[in-house]
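Read through the structure below, which is laid out as structure tokens, and then see the notes.
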There are 2 protein chains.
Amino acid sequence: MSGRKPRSTATGRVTMQEVAKAAGTSMISVSRAFRDSAMVSPELAARIKEAAAALGYVPDRAASALASARSMNVAVVIPSLTNTVFVEMLAGIDEILSPQGYQMITATSFYAPAEELRLLRGLLAFRPDGVLLTGIDHLPETLKLLTSSARPAVHMMELNNQPGSYSVGFSQEEGGAAIARHFVERGYKKIGFVAAQLDPRTLARGSGFRQALEAAGLGAPRELMVPERSSIALGATLLDRMLAAYPDTDAVFFCNDDLAQGALFRCQRRGIAVPGQVALAGFNDLPASACTTPALSSVATPRYQIGREAAKMLLELMAGRVPASFRLDLGFTLNIRETS
Amino acid sequence: MSGRKPRSTATGRVTMQEVAKAAGTSMISVSRAFRDSAMVSPELAARIKEAAAALGYVPDRAASALASARSMNVAVVIPSLTNTVFVEMLAGIDEILSPQGYQMITATSFYAPAEELRLLRGLLAFRPDGVLLTGIDHLPETLKLLTSSARPAVHMMELNNQPGSYSVGFSQEEGGAAIARHFVERGYKKIGFVAAQLDPRTLARGSGFRQALEAAGLGAPRELMVPERSSIALGATLLDRMLAAYPDTDAVFFCNDDLAQGALFRCQRRGIAVPGQVALAGFNDLPASACTTPALSSVATPRYQIGREAAKMLLELMAGRVPASFRLDLGFTLNIRETS
DNA sequence: GCCACCCATGTTAGCGCTAACAGCGCCATA
DNA sequence: TATGGCGCTGTTAGCGCTAACATGGGTGGC
């Protein structure tokens, strides 16, 4: 149906060379017109654009990256694609990087530090101009690889105090502590903590929660910690197990909203009064949490903003500038609702 | 803290040349050892790996892509990162492609066909070995660009009958129709349809739903269709609006589970009996839907499998083979639960 | 004992683009 | 009218890697 593609090179692609010939100019002018049309005269730019469109020219980033030192790629490693928290962060990153011409190259570590190292090695083959990693707990080799790559990097979600290290996030400990203080304030005494997917952030929330309870003179919480992936269904199961083990529990902090929502749904089904018999609180404040009846108390985390700010910080670093801060605390919001 | 990086090239990177020298061999052997170590003798391979590790060599995909015509990249365009359906599909794709050494290069079109075209153009600059697109409704220019790029492509989520076009998905119309038939079977008469984010798939569900109702002798449903992004909160609002406009409505099909869950939550809050006063059904069967009380009826869609199968099909095409089928229908499951 | 063949390895010549450095013409200034 | 500077355009030389074609030494058949 379509005419033959113009081609002269071995690979059959339309190259800059051909565009140059068609526009009656040199390759370098085509290159300049595409990268920043202000570098050539308006007439030449127009002629080049026209010739390129007519030929169906598509630039080759690989060749460009090879010839210049810039790839316009940013490597991003997140633990999981099935956790909205990280995906929203990704959306924030892309929203900032994409308009600047940068392409995210992402990989999923499944929460495994060794896998993160392997993935980073693979992503560095793209010669990214910058790197975005989730969390601050990495294998020593990962850190070494990062320094030896000489690429600017920003860590997301948690805050880092290491000199020379950049991070954007909030204090997970403080988030956990905020829930604890809220429970104490409300007068709950027999308090439980339920966690799954025991990644560093989950553990940090737990330790903040625990410390705040102790500081308030309450002993250690009843704990239920399982390594499995968090899910709504698991939250229901874990609520059952917690109440079976400690029937008099009057408040439970779930390390994330998936678990907390599952627990709330289970209470609804079993006819357990919330917060009458047992109070519930979660973490992350997923959209559903504000809509359930009773509405779920949760710690709202700024993951979308973290993505945006981390991307902005990386942009600064990639431009060779020094960011305003090397450690950006975006905080969190304690949303007390009806379950506590 | 670490010693100086070995370097001799202008860019300061450790190159294959240096690895070759250190291993006492030629570049091509290093290249072969890295791509398929069976191409060199075991001893040489070991020596090369060792030298590479000692020098901290990281291969350069840009150079490789330029020299070989294969980029080992796959371009993926999805409408949104904030809709789990597409993200789960992405996870399925990555699970298949990643072990084969392919890197996904993704972009988000925000449901805009013109944006999709722009993004595809950008992604083609990566010279991907294959392309994965969401849906079958594309701009004519997008299709033209796709053919002129001469890259194998697979369309996901919907099914396509165009000759020469590959697709993996299920019939959205049939999904909508299944809900309609279920409502009819249960004896509901005053039926409503609520939709948001009016993308082609949403509209297809609606038209399937409508046709099946008519086929059953029921007239057109009461409809509420808004262009805004779907969300749980919007589902609550739309339920209110539907019941305000048609108080006697006895069953409502929401075009996705976000809306349906929001509606259910709103019914819980307002004390509206579900399904006693009004029956509810959604689409996609998100994890929460099975856990609410009453549990939500929904059409379970195989988005994760779609991602996997589309990736497998693309793998076949990229290998120059002909896939078993050019149109893979993965079907759906109607999960009747308590809301209807 | 010669030759075809095969395996492991090496040499050469780019892939498509851009950095770096020329040129060239034109205008403002002395 | 000479001089310097500026804005635009062009030439040259790679960036790091791999395809394609050598090369060299061993093996087996007759």
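Only heavy atoms go into these numbers, but all of them, side chains included; no hydrogens, no water, no symmetry mates. Each chain gets a letter, A, B and so on, in the order the sequences are listed, and its residues count up from 1.
Taking the nucleotide of DNA chain D with the nearest heavy atom to each of A:I28 and A:L66, the more 5' of the two is matched to A:I28.
Side-chain nitrogen and oxygen atoms of B:S26 include none within less than 4.0 Å of the OP1 or OP2 phosphate oxygen of C:dT9. Taking only side-chain nitrogens and oxygens, B:R35 comes nearer than 4.0 Å to OP1 or OP2 of D:dT18. The side chain of B:S41 contributes an N or O atom lying less than 4.0 Å from OP1 or OP2 of C:dT9. B:T25 has a side-chain polar atom (N or O) that falls below the 4.0 Å cut-off from OP1 or OP2 of C:dG10. Taking 4.0 angstrom as the limit, B:S29 places a side-chain polar atom (N or O) nearer than this to OP1 or OP2 of C:dG10. OP1 or OP2 of D:dT18 lies within a sub-4.0 Å distance of a side-chain N or O belonging to B:S31.
The side chain to side chain donor-acceptor pair (under 3.5 Å) analysis of residues 302-314 of chain A, with sequence neighbours excluded, yields the pairs A:E88-A:R303, A:E95-A:Y304, A:E95-A:R308, A:T301-A:R303, A:E309-A:K312.
Using a 4.5 Å heavy-atom threshold, the side chains of A:L314 and A:Y166 count as separate. For the pair B:F126/B:S71, no side-chain contact is recorded, criterion being any heavy-atom separation below 4.5 Å from C-beta on.
Side-chain contact of A:R327 with A:N161: a donor-acceptor pair under 3.5 Å is present, judged by distance alone.
Applying the 3.5 Å distance criterion, the base of C:dG16 shares no donor-acceptor pair with the side chain of B:R127. You'll find a donor-acceptor pair under 3.5 Å spanning the side chain of B:R32 and the base of C:dG10, going by distance alone.
A salt bridge is absent between A:K144 and A:E141; no separation between the charged side-chain nitrogens and carboxylate oxygens falls under 4.0 Å. Between B:E18 and B:K21 there is no salt bridge, since no side-chain nitrogen of the basic residue lies less than 4.0 Å from a carboxylate oxygen of the acidic one.
As judged by a 4.0 angstrom heavy-atom cut-off over every strand, B:Y57 is placed among residues touching the sugar-phosphate backbone only.
Rounded to 10 degrees, the angle between the two end axes of the helix from C:dG1-D:dC30 to C:dA30-D:dT1 is 30°, with five pairs used at each end.
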